[in-house]
Amino acid sequence: MTQSNQPLIFELSKSGRTGCSLPDLDIETQPLDDLLPRSYQRKEPAELPEVSELQAVRHFTALSQRNHGVDTGFYPLGSCTMKYNPKVHEDIARFKGFAHIHPYQDSATIQGALEVMYRLQISLAEITGMAEVTLQPAAGAHGEWTGLMLIRAFHEANQDYKRNKVIVPDSAHGTNPASAVVAGFEAVTVRTNDRGLVDLDHLKELTGEDTAALMLTNPNTLGLFEEEIVEMAEIIHEAGGKLYYDGANSNAILGIARPGDMGFDVVHLNLHKTFTTPHGGGGPGSGPVGVKQDLVPYLPAPQIIKQADRYVFHYDIPESIGRVKPYYGNFGINVRAYAYIRTMGPAGLRKVSEFAVLNANYMLRRLEPYFDVPYSQHCKHEFVLSGKRQKKQGVRTLDMAKRLLDFGYHPPTIYFPINVEETMMIEPTETEAKEVLDEFCDAMIQIAEEAEDHPEIVQEAPHHTVIDRLDETKAARQPVLRYEKQ
Amino acid sequence: MSSFRYLPMTDEDQVNMLKTIGVSSLGELFADIPASVRYQGDLPIEEALDETSLLKEMSRLEKKNVHTKDYPSFLGAGVYEHYIPSVVNHMLLRSEFYTAYTPYQPEISQGELQGIFEFQSMICELTGMEVANSSMYDGPTALAEAAMMAAGHTKKTKILVSEAVHPEAREVLATNARAQRLELVEIPLKDGMTDIDKLRSSLDENVGSVLIQYPNFFGQVEDLQSIEEIVHNEKAMFVVSSNPMSLGVLQAPGHLGADVVVGDAQPFGIPSQLGGPHCGYFAVNKKLMRKVPGRLVGETEDRHGQRGFVLTLQAREQHIRREKATSNICSNQALNALAVSISMSLLGKQGFRELSEQNIQKAHYAKRKLKENGVPVVYETPFFNEFVIQLTKPVKEVNESLLAEGMIGGLDLGRFYRGREDQMLAAVTELRTKEEIDRFTTVLGGLI
């Protein structure tokens with residue numbers, strides 16, 4: 001990483017420079033006043049930066065050098081599945097026939113794109129054990145909301161209007177309760193028991209005729225498989241509710257156990273986690289939603305269907321919840337996920353989950369002697385450690401996370417799930433070699449030792465990044481959210 | 001040896017790791033999954049492909065599509081084909097950007113954070129607003145979020161939306177309004193524009209927001225100044241959805257009193273890719289700063305006083321506020337926002353204005369040529385780079401003829417508006433050459 005401060009692109013600007021060359025107009029022009037009344041015309045030009053092409057290239061290259069990605073180094077961020085993003089997918093998504101097609105072209109002219117979507121719908125339905133899949137949702141949270149709207153439509157179609165509650169575990173992703181509320185429900189929280197699993201008695205207490213759904217991640221955010229999933233499904237179904245599967249952690253179960261077989265009625269997948277599409281620094285993602293047969297009538301239109309040898313958009317879904325996204329979802333992302341499924345095949349996908357789980361358990365056992373382990377059973381694709389022991393030395397989990405930066409690693413997810421003290425949540429993924437896991441564990445062990453012997457080294461970390469810890473309070477109290485010319 | 005190039009685990013590694021874990025087989029690690037829900041056999045999906053075969057298969061599929069690089073296209077309607085400098089793609093392929101997660105660790109994410117801060121700044125410049133977030137999924141979902149934010153802020157349950165707003169955006173909005181049990185009322189059209197009298201008569205004290213598209217779905221420029229006065233007289237919030245490319249020549253909505261400006265920045269450096277992923281933007285004035293959905297990047301400093309950037313005002317967001325968050329959005333379109341920043345940086349102040357003006361000039365040239373060829377254009381009000389053509393037969397048939405001539409015709413308005421099956425919404429961007437426009441207008445003239 002570069003050490004120097006990189007100015008804002010606005011600060012590089014000098015009047016009269018440009019980084020693009022537009023062709024001269026090849027038509028007869030008219031004065032703008034003849035095309036647009038004066039009062040409609042922009043008077044103050046937008047102050048975009050004025051830089052040459054090379055200046056722009058140097059600027060954004062410098063920015064990239066101040067960023068850590070999976071290609072830079074290990075990224076064991078729990079619940080985010082930071083696996084390798086295959087290069088060939090970037091080539092494929094940029095094929096002209098995929099990148100430069102318009103959503104309103106006649107479907108006869110985009111048969112290849114429809115075939116990709118159709119096959120992806122079917123593959124994801126098989127992988128999750130669902131009847132049908134919509135590719136419309138743009139991301140995981142968007143998928144959650146879509147899925148909950150489907151459940152709401154199902155209940156309302158049955159004249160069942162009293163179901164206004166969605167149950168979420170206290171260990172759930174923040175998007176779960178937020179999505180429930182945005183879908184018009186009230187979120188109620190079910191406790192985690194001392195084994196890190198949903199407290200079944202509490203679930204029974206909470207479940208009733210006002211239960212619309214239970215939202216669950218399985219394995220859960222502690223990396224543990226909800227062993228009593230069959231019983232949980234029974235409790236919810238008997239009360240007339242539906243089961244929602246948050247697919248954020250599906251990397252542990254591909255070809256091993258399907259949400260549909262566990263009793264889930266709706267599932268979303270994060271293609272940007274499990275199916276290798278790049279996270280892009282926070283997006284774009286893609287969050288397809290699969291449903292069981294009784295929820296199919298409510299899917300957003302259109303679905304892609306096959307009629308004889310043609311692929312067509314199917315709009316005739318009279319009971320649909322309506323559109324959740326313009327056009328057909330994040331096609332450019334979906335192409336990459338489809339390429340991944342074709343690369344791995346059934347045996348490969350199964351190996352993905354086996355190795356993801358093997359890697360996580362290996363790290364768990366290597367680190368167990370040095371950190372508190374709140375749940376000691378075998379984990380799935382991720383696990384949590386607690387920094388309780390180090391906290392006694394005055395070293396917080398945040399400090400250890402910052403110290404990891406000095407070793408060139410992205411830290412684990414910290415302070416989540418919220419039901420564990422000083423949490424660190426580690427997800428290695430299957431694409432990391434044993435040597436990488438060992439080096440990371442060695443660094444963690446060294447940090448644990450430093451916390452005992454030289455806590456200040458950890459407390460004052462990071463020492464080798466381009467910038468020190470930043471003043472977040474100042475950022476929030478005196479917000480500066482844009483560049484303004486001095 | 002594993003035949004999967006993304007899986008580095010050797011047999012020897014496995015043996016050693018299992019030993020460390022203290023189990024004798026991989027299967028033991030899955031013993032917690034009840035037998036009754038364990039999947040037996042292989043998933044019924046296609047067998048694995050090697051890299052060469054994969055490329056061959058994906059290229060077989062790609063070649064079945066007619067694309068706009070070979071076929072000059074007159075389609076717009078929310079998705080536009082513009083010049084994308086080569087630099088954009090080269091910078092996006094810097095894998096430190098695209099293989100990164102959300103910048104939760106600012107010390108090793110300064111590149112992404114600064115890039116987004118620059119994006120926010122540029123969106124503010126374009127729209128004339130004070131605060132822009134780090135991106136939304138797309139224009140239509142940004143518009144829906146704006147209406148939800150306004151309802152929450154004003155505590156008023158009615159949303160007024162012009163029928164001249166993109167039909168699919170109104171569909172997305174309807175789904176959101178149903179979710180939140182809000183009433184959605186559509187303001188009818190008059191001559192391809194929002195009917196201002198109807199807008200006035202539909203406004204009452206229960207209206208939280210009025211949603212207008214600028215230029216509207218038919219390409220016409222709405223009279224924001226008049227609308228703003230009417231909306232604010234009733235204390236509703238004024239939400240404008242705008243194609244940012246038009247703002248090189250059109251008055252910025254922020255300078256005309258909009259409370260929220262949203263839209264899709266796809267015209268800046270993002271290929272159409274069948275409608276997604278694109279890049280929604282969301283801009284407000286300072287008083288609404290703490291109501292904004294999604295991520296915001298702010299400037300701050302470290303203990304040495306060195307400038308740096310962080311995600312800020314996170315108390316609005318789902319990972320902190322859970323069920324009390326202002327929105328459930330988490331992932332957004334960060335990489336595409338970066339594409340937009342790069343694109344706008346390359347254009348610069350002059351280039352942006354020039355590009356915007358080329359669009360309005362080309363579209364007006366096309367309109368003149370159509371008239372010369374005896375093809376009527378429906379509206380005579382000001383427009384940007386899109387307008388409605390009156391044909392004498394269904395657009396579907398006309399587009400088949402155009403395709404036979406190697407061109408992609410405009411949108412069949414009958415798809416969304418009953419009775420408009422003979423009307424085509426045509427977009428003419430700077431990419432269409434004189435020769436292409438002449439050919440397009442001649443073919444249409446021959447079909448009249």
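It should be emphasised that the depicted structure is a prediction, and the values quoted were computed from it without experimental measurement. Letters A, B, ... are given to chains in the order of the sequence lines, protein chains preceding strands, and every chain is numbered from 1.
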Interatomic spacing from [atom1] in [X] to [atom2] in [Y] - rounded to 0.5 Å:
X        : Y        : atom1 : atom2 : answer
A:Asn330 : B:Gln273 : CG    : CD    : 8.0 Å
B:Met91  : A:His59  : CE    : NE2   : 11.0 Å
B:Glu57  : A:Ile92  : CD    : CD1   : 10.0 Å
B:Gln110 : A:Ile467 : CD    : CD1   : 4.5 Å

Part of [X] lying under 4.5 Å from any heavy atom of chain B:
X        : result
A:Met262 : both
A:Tyr84  : side chain
A:Leu224 : neither
A:Lys402 : side chain

Under a 3.5 Å distance rule, please check whether [X] uses its side chain to pair with a backbone N or O of [Y] as donor and acceptor.
X        : Y        : value
A:Asn67  : B:Glu112 : yes
A:Glu115 : B:Leu61  : no
B:Glu168 : A:Pro326 : no
B:Arg94  : A:Ser64  : no
B:Gln120 : A:Leu481 : yes
A:Thr72  : B:Glu96  : no
A:Arg152 : B:Ala179 : yes
B:Gln361 : A:Gln30  : yes
A:Asp26  : B:Lys434 : yes
B:Ser95  : A:Asp71  : no

**OP:** Flag the pair B:Glu107 and A:Arg469 as a salt bridge only when some basic side-chain nitrogen lies within less than 4.0 angstrom of an acidic carboxylate oxygen.
**Re:**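 Answer for the salt bridge query: no.
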Original post:
Taking NZ, NE, NH1 and NH2 as the nitrogens, is one of them in A:Arg342 or B:Glu46 under 4.0 Å from a carboxylate oxygen of the other?
Top reply: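 Yes, A:Arg342 and B:Glu46 are salt-bridged.
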Subject >> Trace of the side-chain contact (heavy atoms from CB on, under 4.5 Å) decision for B:Gln251 with A:Gln41 >> reply: CA-CA 5 Å; B:Gln251 275 269 49; A:Gln41 289 177 31; 5.9 Å; no
Partner chain B: residue of [options] with the largest heavy-atom pair count (under 4.5 Å):
options                               : answer
A:Glu90, A:His100, A:Met344           : A:His100
A:Gly174, A:Gly282, A:Gly345          : A:Gly282
A:Ile229, A:Asn361, A:Asn85, A:Leu405 : A:Asn361

Subject >> B:Phe117: ring pair (Phe, Tyr, Trp, His ring centres under 6.0 Å) partners, not counting sequence neighbours >> reply: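 B:Phe117: ring pair (Phe, Tyr, Trp, His ring centres under 6.0 Å) contacts with B:Phe309.
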Original post:
Relative to each other, are the rings of B:His166 and A:Tyr327 parallel, tilted or perpendicular (30° and 60° limits)?
Top reply: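 Taking A:Tyr327 first and then B:His166, their aromatic rings stand perpendicular (interplane angle over 60°).
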Original post:
Is there a side-chain contact between B:Met17 and A:Phe355 (heavy atoms, below 4.5 Å)?
Top reply: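 In short, these two side chains do not touch, never coming nearer than 4.5 Å.
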Subject >> Side chain to side chain, A:His410 and B:Ile108, heavy atoms closer than 4.5 Å >> reply: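 Touching, per the 4.5 Å side-chain cut-off.
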Original post:
Between A:Arg482 and B:Glu125, is a salt bridge (Lys or Arg N to Asp or Glu O under 4.0 Å) present by the stated rule, with each step listed?
Top reply: CA-CA 9 Å; A:Arg482 60 170 293 193; B:Glu125 279 299 329; 3.0 Å; yes
Original post:
Taking only residues two or more places apart in sequence, or in another chain, which ones meet A:Tyr75 in a side chain to side chain donor-acceptor pair (under 3.5 Å)?
Top reply: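 In terms of side chain to side chain donor-acceptor pair (under 3.5 Å), with neighbours along the sequence ignored, A:Tyr75 is linked to no residue.
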Original post:
Picking from B:Glu354, B:Glu430, B:Gln358, B:His319, which has the most non-hydrogen pairs under 4.5 angstrom with chain A?
Top reply: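 The option with the most such pairs is B:Gln358.
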**OP:** Have a look at B:Asp302 and tell me which of A:Asp471, A:Asp468, A:Thr465 forms a side-chain contact (heavy atoms from CB on, under 4.5 Å) with it.
**Re:**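 Of the listed residues A:Asp471, A:Asp468, A:Thr465, the side-chain contact (heavy atoms from CB on, under 4.5 Å) partner of B:Asp302 is A:Asp468.
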**OP:** Start with the C-alpha gap between B:Asp138 and A:Lys325, add the side-chain angles, then the distance that decides, and say whether side-chain contact (heavy atoms from CB on, under 4.5 Å) holds.
**Re:** CA-CA 8 Å; B:Asp138 51 56; A:Lys325 172 125 175 57; 2.6 Å; yes
Original post:
Which bit of B:Leu126 is near chain A, if near means a heavy-atom gap under 4.5 Å: side chain, backbone, both or neither?
Top reply: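 Backbone plus side chain of B:Leu126, per the 4.5 Å heavy-atom cut-off to chain A.
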**OP:** Report yes or no: do A:Arg94 and B:Asn89 form a side-chain donor-acceptor pair below 3.5 Å?
**Re:**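 A:Arg94 vs B:Asn89: donor-acceptor pair found between side chains.
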